[in-house]
Amino acid sequence: MPVNGTYLICLTVATLVLLLFLILVVKLHAFVALLISAMAMGLASGMPPDKVLKSIQTGFGDALGFIAVVLGLGAMIGRFLEYSGGGRALADWLLKKFGIENAAWAMLVAAFLVGLPIFFEVGFIILVPLVWNLARETKRSLLFYGLPMAAALTMTHSLVPPHPAPAAATQLLGGDLGSTILFGAALSLPMALAAGMLYGTWIARRIYIPVPDIAKLMTRGAETASAPPIPMVILLLLLPVMLTLGATLAGLRDLPFKSVAIFVGHPYTALTVTALAAIYFFGIRRGLSREKASKMATEALLPVGTLICIMGGGGALKQIIVDSGVGSYAGNLLMTSAISPLLVVWLIAAAMRLAQGSATVAIITAAGIAAPLVKGIPGYTPTELILALCAGGSAFSHVSDSGFWMVTQYFGMTVPQGLKTWTTMKIVASLLGLGIVMTVHALLR
């Protein structure tokens with residue numbers, strides 16, 4: 001084994017230790033920590049200083065050249081859906097259709113649809129009052145309805161673009177965004193079913209969680225009377241998926257309107273059409289002036305800024321790994337190893353999640369680390385690697401994760417109860433996701 005290769009592998013490990021040290025101990029923002037780690041690794045690998053800076057610039061630009069548009073449009077769609085009350089109205093409608101005896105299924109379906117365009121935290125705040133009401137009415141454990149809802153929201157957040165983490169992983173690993181949307185949604189559904197419905201209802205029979213006191217203080221009246229029509233809400237939620245699917249199908253056949261379908265189904269076009277529909281039907285048609293609608297769209301972009309910086313930092317670290325030579329060296333090792341690259345990317349993402357908490361940061365950082373190692377490995381498609389990595393990053397939510405505290409506080413759980421329920425549910429879903437991806441890969445080889 002070449003000395004320089006061994007040195008580069010050790011240097012990569014040391015860089016990851018430095019990154020975690022800066023985030024966890026020094027408490028630096030992840031964006032700054034990523035930049036410092038990239039600079040340190042570049043210089044320590046022997047790259048000239050000007051080459052290090054140029055590599056960081058290239059990696060930053062490559063990471064954001066496509067994904068910033070997707071994030072911005074996705075944030076706007078979610079904001080106008082939240083403003084209109086469409087998500088809450090959809091959940092109420094599904095509860096009526098499913099009936100009180102199947103309310104847990106209704107919560108899972110509602111959360112899955114709401115979770116496609118809306119961040120986990122926002123969707124959780126929209127739907128948790130319904131969970132409180134159901135638990136109060138049926139006298140069941142809050143977990144019986146809460147875990148199916150939370151599972152569907154968190155799985156779509158981790159696996160389905162335009163959510164930041166899977167979108168960034170798609171860009172860094174060279175995948176197709178349309179394929180990630182379709183297969184990410186397809187994978188997140190059985191993960192949510194197994195973890196939310198099967199494990200969630202099982203643990204709900206063993207741990208009784210009553211409606212917490214916070215429910216009395218924070219329950220908001222649902223303004224469903226003025227909410228948009230349910231078919232319109234469902235159509236808007238599924239519109240980008242349908243347009244993307246149309247483009248994928250058109251690409252397989254030589255159809256008369258193939259070029260038009262591919263153009264309309266491109267993520268830029270599909271999300272732009274959906275964003276315009278959301279602004280008009282969920283904003284202007286509901287009484288917003290054009291000025292207020294424009295202001296609301298601008299406000300929706302504000303939280304995206306931090307995520308874009310983190311993604312750019314992940315891209316910068318990825319490019320340093322490539323340009324230092326460790327990417328090609330480690331990739332060759334993997335190609336001759338018996339270890340599945342799917343397991344490798346899962347472990348990298350799971351380790352990052354376990355260490356620093358945030359699923360978004362874990363997946364983006366892991367994608368930057370893994371891309372030079374596994375990109376282009378024969379026999380593995382980018383979509384498989386992306387889904388395995390995102391599944392790994394969805395595991396191990398615990399006390400260093402803001403989502404853990406949000407769930408425990410709104411469900412009125414102690415830390416041990418949160419670890420037994422929410423954390424375990426996330427691990428179950430993550431392992432199942434990895435198992436499905438590896439099984440499908442083995443069957444299709």
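Values in this document were obtained by computation on a predicted structure and should not be read as measured data.
Ala359 and Gly393 get closest at one heavy-atom pair: CB-O, 3.6 Å. Residues Leu11 and Ala44 share a closest heavy-atom pair of CD1-CB, 3.6 Å. Contact detail for Ala167 and Leu177: the closest heavy-atom pair is CA-CD1, 4.2 Å. Residues Leu159 and Leu187 come closest through the heavy atom pair CD2-CD2, 3.5 Å. Between Leu387 and Val437, the shortest heavy-atom distance links the atoms CB-CG2, 4.0 Å. Ile348 and Ala366 get closest at one heavy-atom pair: CG2-CB, 3.8 Å.
Checked by atom type and distance alone, the side chain of His163 pairs as donor or acceptor with a backbone atom of Gly115 at under 3.5 Å. When atom types are taken as modelled, the side chain of Thr156 and the backbone of Leu153 share a donor-acceptor pair closer than 3.5 angstrom. Thr298 contributes a side-chain N or O that, together with a main-chain N or O of Ser294, makes up a donor-acceptor pair within less than 3.5 Å. A donor-acceptor distance shorter than 3.5 angstrom exists from the side chain of Thr12 to the backbone of Leu8, with no hydrogens or angles considered. A donor-acceptor contact shorter than 3.5 Å links the side chain of Ser141 to the backbone of Ile209. Side chain of Thr408 to main chain of Trp405: a donor-acceptor pair is present (N/O by atom type, distance under 3.5 Å, no hydrogens or angles). Of the possible polar contacts, one joining the Glu384 side chain to the Thr381 backbone as a donor-acceptor pair under 3.5 Å is found.
Side chain to side chain, Thr383 and Ser179 fail the donor-acceptor criterion of an N or O pair below 3.5 Å.
Among residue pairs with one or both ends in residues 417-433, those qualifying as side-chain hydrogen bond (donor to acceptor under 3.5 Å, both in side chains) are Thr154-Lys426, Trp346-Ser430, Ser397-Trp422, Thr414-Gln417; sequence neighbours excluded.
Contact check for Phe404 versus Leu419: side-chain heavy atoms found under the 4.5 Å cut-off. The shortest side-chain heavy-atom distance between Leu198 and Trp202 does not fall under the 4.5 Å cut-off. In this structure, Thr180 and Val160 have side chains that are not in contact, with every pair of non-hydrogen atoms separated by 4.5 Å or more. In this structure, Phe120 and Val407 have side chains that are in contact, with non-hydrogen atoms separated by less than 4.5 Å. Taking the side chain as every heavy atom from C-beta outward, Leu238 and Leu116 approach each other to under 4.5 Å. Between Trp105 and Leu193 the shortest side-chain heavy-atom distance falls below 4.5 Å. Pro210 is not listed as a side-chain neighbour of Leu142, based on a closest heavy-atom distance of 4.5 Å or more. Counting only heavy atoms from C-beta outward, the side chains of Pro382 and Asp176 never approach each other to under 4.5 Å.
Taken to the nearest 0.5 Å, the CZ atom of Arg353 stands 8.5 Å off from the OG1 atom of Thr360. In this structure, Leu239 CG and Ile234 CD1 are separated by 13.5 Å, a value rounded to the nearest 0.5 Å. Atom CG of residue Asp323 and atom CD1 of residue Ile56 lie 10.0 Å apart, to the nearest 0.5 angstrom. Here Leu235 contributes atom CG and Met242 contributes atom CE; the two are 5.0 Å apart, rounded to the nearest 0.5 Å. Atoms NZ and CE, from Lys54 and Met47 in turn, are 12.0 Å apart once rounded to the nearest 0.5 Å. For the atom pair CD of Gln171 and CD1 of Ile364, the computed distance is 12.0 Å after rounding to the nearest 0.5 Å.
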Steps toward side-chain contact (heavy atoms from CB on, under 4.5 Å) verdict (Ile77, Leu236) | CA-CA 9 Å; Ile77 295 167; Leu236 183 126; 3.9 Å; yes
Assess whether side-chain contact (heavy atoms from CB on, under 4.5 Å) is satisfied between Leu317 and Leu35, documenting all intermediate values.
-> CA-CA 7 Å; Leu317 180 58; Leu35 286 181; over 6 Å; no
List the steps and the verdict of side-chain contact (heavy atoms from CB on, under 4.5 Å) for Met413 and Leu143.
-> CA-CA 10 Å; Met413 295 190 293; Leu143 300 173; 3.8 Å; yes
I would like to know whether Ser37 and Thr15 meet side-chain hydrogen bond (donor to acceptor under 3.5 Å, both in side chains); could you show each step before the answer?
-> CA-CA 6 Å; Ser37 300; Thr15 301; over 6 Å; no
For the pair Leu385 and Leu342, evaluate side-chain contact (heavy atoms from CB on, under 4.5 Å) and give the outcome as yes or no after the intermediate values.
-> CA-CA 6 Å; Leu385 296 166; Leu342 298 174; 3.8 Å; yes
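Checked against a 6.0 Å centroid threshold, the rings of Phe124 and Tyr410 count as neighbours. A centroid separation of 6.0 Å or more is found between the aromatic rings of Tyr208 and Phe144.
Within a 6.0 Å sphere centred on CZ of Phe31, heavy atoms belonging to other residues, nucleotides or ligands number more than 12.
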